[in-house]
Amino acid sequence: MNLVEDNLKLNSLEMAQNKTRLESFPISMNICTTKKCNMSPPCVMCQKAVRPDPPQDIGWEIIEKLKQILPTTAVLILHGVGEPLIYDKLFDLIGLASRETKNVFTTNGRLLQKYSQLVVDNVFAISVSIDAATDVTYKAIRHGELNQIKEGIKRLASLKKRQNQKTPYIDINMCLMRRNIGDAPYFVKMGKNLGVDAVHFYHMNEGVEYDWQVEWFDYKKQSCLTDPIEHDYWIKQAMVLSKELNVAVIFDGRMYFNSDERDKTGDMPNPMPAPTIPNSLFCDLPWRQLQINTNGKVNNCCYQLDEVGDLNTQFIDDIWNGKALLEIREGIVSGKLSRYCAKAICPPNGRI
């Protein structure tokens with residue numbers, strides 16, 4: 001009996017039928033394991049630079065409330081606003097899921113050398129946030145030594161090759177801004193030299209809360225939207241080089257601001273199979289995913305402004321088919337977004 005596969009099939013069937021009250025469990029769980037980070041000072045584009053979070057780990061009593069559904073989860077995402085490899089129960093948490101569960105997380109890479117064997121043995125995909133291809137740019141954005149991160153990635157890739165494994169899939173990611181956009185082609189070349197499976201580009205967040213200055217960094221002025229011509233030029237150079245070097249590129253959001261052109265070379269394997277979605281559904285996450293925050297509060301996704309539940313006072317079943325998520329699903333099916341989604345700046349709702 002394969003609990004993950006059975007849950008996947010039931011979940012896809014219920015979504016195809018536009019059901020809003022579900023018998024299936026979420027097939028993707030995003031558990032924010034910690035708010036702690038070992039980047040000090042914080043990266044300039046991180047909210048921690050101006051609004052520090054309390055140094056909080058998720059309590060094991062919250063994890064205990066998830067034991068019922070973790071064995072049915074197809075994808076277990078183990079990062080949030082902190083560094084997951086700091087969380088001392090990270091691999092204990094992974095052990096609660098099924099052997100068929102695909103464990104993934106994003107890391108800043110500072111502890112990769114220390115935990116590389118555990119990562120190779122337990123993780124399906126890992127994304128390393130670097131945001132630069134040169135020492136100068138890395139130090140300006142992340143206040144550290146780029147070579148330390150590169151050595152950790154090399155060790156990870158070496159162990160994976162030595163054990164003759166296809167996993168973990170490794171990508172390096174760059175949060176695009178004016179300060180690093182010129183590094184984009186060299187980032188592709190660095191990915192080739194490090195032997196990763198893909199390089200990953202995405203844009204900074206947008207919204208009224210993303211407006212601060214720290215050191216040299218001015219959030220609004222660093223947005224690539226302030227110079228779309230410069231942005232498109234360097235991304236085009238990066239894409240041309242990716243084809244020459246045969247490096248897969250993942251690009252979240254609009255690749256070019258001045259056209260609708262897509263120039264994608266490839267993707268990392270998606271750990272969550274895409275179902276057939278009815279035309280009335282433009283976002284499938286209310287049927288597929290829950291995000292558990294370190295304080296036990298629950299969201300449907302990271303873009304929602306309001307929680308849909310609280311594991312300190314509720315059971316997971318009561319949240320999954322609770323009033324908030326029923327309202328969200330019904331809103332998507334009807335085309336009239338609920339209050340939880342209407343103001344969320346998410347990819348289905350206009351995020352660049």
Side-chain angles (χ1 to χ4, degrees), residues 30 32 34-55 77 79-86 105-110 126-146 148-149 171-188 190-191 199-228 230-232 234-235 238 249-255 257 291 293-294 301-303 305 344-347 350-352:
N30 187 345
C32 305
T34 184
K35 286 188 174 181
K36 298 175 184 175
C37 188
N38 54 355
M39 304 296 284
S40 182
C43 304
V44 292
M45 68 290 191
C46 178
Q47 288 191 355
K48 291 179 183 294
V50 290
R51 292 189 288 274
D53 287 312
I77 304 167
H79 61 257
V81 295
E83 168 52 47
L85 286 173
I86 288 178
F105 63 83
T106 296
T107 174
N108 60 40
R110 284 193 166 185
I126 186 168
S127 183
V128 186
S129 299
I130 301 181
D131 304 318
T134 66
D135 294 332
V136 172
T137 308
Y138 186 84
K139 195 162 287 188
I141 295 173
R142 292 193 154 254
H143 311 103
E145 299 297 328
L146 178 56
Q148 176 191 1
I149 313 305
D171 81 50
I172 55 174
N173 71 70
M174 175 184 279
C175 178
L176 296 170
M177 63 184 79
R178 295 286 303 280
R179 178 64 177 80
N180 67 10
I181 191 67
D183 278 22
Y186 307 100
F187 196 70
V188 170
M190 184 172 72
V199 297
H200 185 170
F201 296 110
Y202 64 100
H203 299 109
M204 293 197 303
N205 291 321
E206 299 288 328
V208 294
E209 70 270 35
Y210 296 101
D211 184 8
W212 62 76
Q213 296 181 34
V214 57
E215 302 174 22
W216 57 269
F217 178 81
D218 183 314
Y219 204 110
K220 293 293 185 184
K221 291 180 180 178
Q222 281 296 313
S223 170
C224 289
L225 284 170
T226 61
D227 194 339
E230 177 191 43
H231 169 275
D232 289 6
W234 287 113
I235 294 303
V249 171
I250 305 167
F251 203 106
D252 291 343
R254 289 195 63 178
M255 183 172 285
F257 293 152
Q291 176 178 305
N293 300 306
T294 53
C301 74
C302 61
Y303 297 103
L305 303 180
I345 304 175
C346 59
R351 187 181 192 272
I352 62 169

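- At least one side-chain heavy atom of Ile235 sits under 4.5 Å from a side-chain heavy atom of Met255.
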### Message
Run the side chain to side chain contact (heavy atoms under 4.5 Å, CB included) test on Val214 and Tyr219 for me, step by step, so that the C-alpha distance in whole Å, both residues' side-chain angles and the decisive distance to 0.1 Å come before the verdict.
### Response
CA-CA 9 Å; Val214 57; Tyr219 204 110; over 6 Å; no

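- Between the side chains of Thr137 and Asn180, no donor-acceptor pair is found at a separation under 3.5 Å.
- Applying the side chain to side chain donor-acceptor pair (under 3.5 Å) criterion to Thr106, with sequence neighbours excluded, gives no partner residue.
- In terms of heavy atoms, Tyr138 sits closest to Ile130 at CD1-O, 3.3 Å.
- Nearest heavy-atom pair across Cys32 and Gly80 is SG-CA, 3.9 Å.
- Between Lys36 and Pro55, the closest heavy-atom pair is CE-O, 3.4 Å.
- Residue Glu145 places its CD atom among 12 or fewer non-hydrogen atoms of other residues, nucleotides or ligands, all under 6.0 Å distant.
- Closest approach of Arg110 and Ser40 over heavy atoms only: NH1-N, 4.4 Å.
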### Query
For Trp216 and Gln222, what are the C-alpha separation, side-chain angles and deciding distance, and is it a side chain to side chain contact (heavy atoms under 4.5 Å, CB included)?
CA-CA 10 Å; Trp216 57 269; Gln222 281 296 313; 3.7 Å; yes

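- Between Tyr202 and Leu176, every side-chain heavy-atom pair lies at or beyond the 4.5 Å cut-off.
- Between His203 and Phe251, a ring centre-to-centre spacing shorter than 6.0 Å is recorded.
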### Query
Passes side chain to side chain contact (heavy atoms under 4.5 Å, CB included), Arg142 versus Ile149? Steps please.
CA-CA 11 Å; Arg142 292 193 154 254; Ile149 313 305; over 6 Å; no

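- With sequence neighbours excluded, no residue forms a side chain to side chain donor-acceptor pair (under 3.5 Å) with Asp227.
- In this structure, Val188 and Phe201 have side chains that are in contact, with non-hydrogen atoms separated by less than 4.5 Å.
- Looking at Asp183, Thr134, Ile172 one by one, the single match for side chain to side chain contact (heavy atoms under 4.5 Å, CB included) with Met190 turns out to be Ile172.
- Remark: the backbone N or O of Met45 is not paired with any side-chain donor or acceptor of Trp212 at under 3.5 angstrom.
- Counting heavy atoms from C-beta on, the side chains of Phe217 and Ile141 never come closer than 4.5 Å.
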### Task
Test Asn108 against Ser129 for side-chain hydrogen bond (donor to acceptor under 3.5 Å, both in side chains), laying out the working first.
CA-CA 5 Å; Asn108 60 40; Ser129 299; over 6 Å; no

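- Here the closest non-hydrogen pair linking Phe187 and Ala133 is N-CB, 3.5 Å.
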### Task
Test Glu83 against Thr107 for side-chain hydrogen bond (donor to acceptor under 3.5 Å, both in side chains), laying out the working first.
CA-CA 6 Å; Glu83 168 52 47; Thr107 174; 2.8 Å; yes

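- Counting heavy atoms from C-beta outward, Asn293 and Val81 have side chains that stay 4.5 Å or more apart.
- The shortest heavy-atom contact between Ala184 and Trp234 is CB-O, 4.2 Å.
- Under a 3.5 Å cut-off, the side chain of Lys221 and the backbone N or O of Arg178 do not form any donor-acceptor pair.
- Residues Asn173 and Asp131 form a side-chain contact, since some pair of their non-hydrogen atoms from C-beta on lies under 4.5 Å apart.
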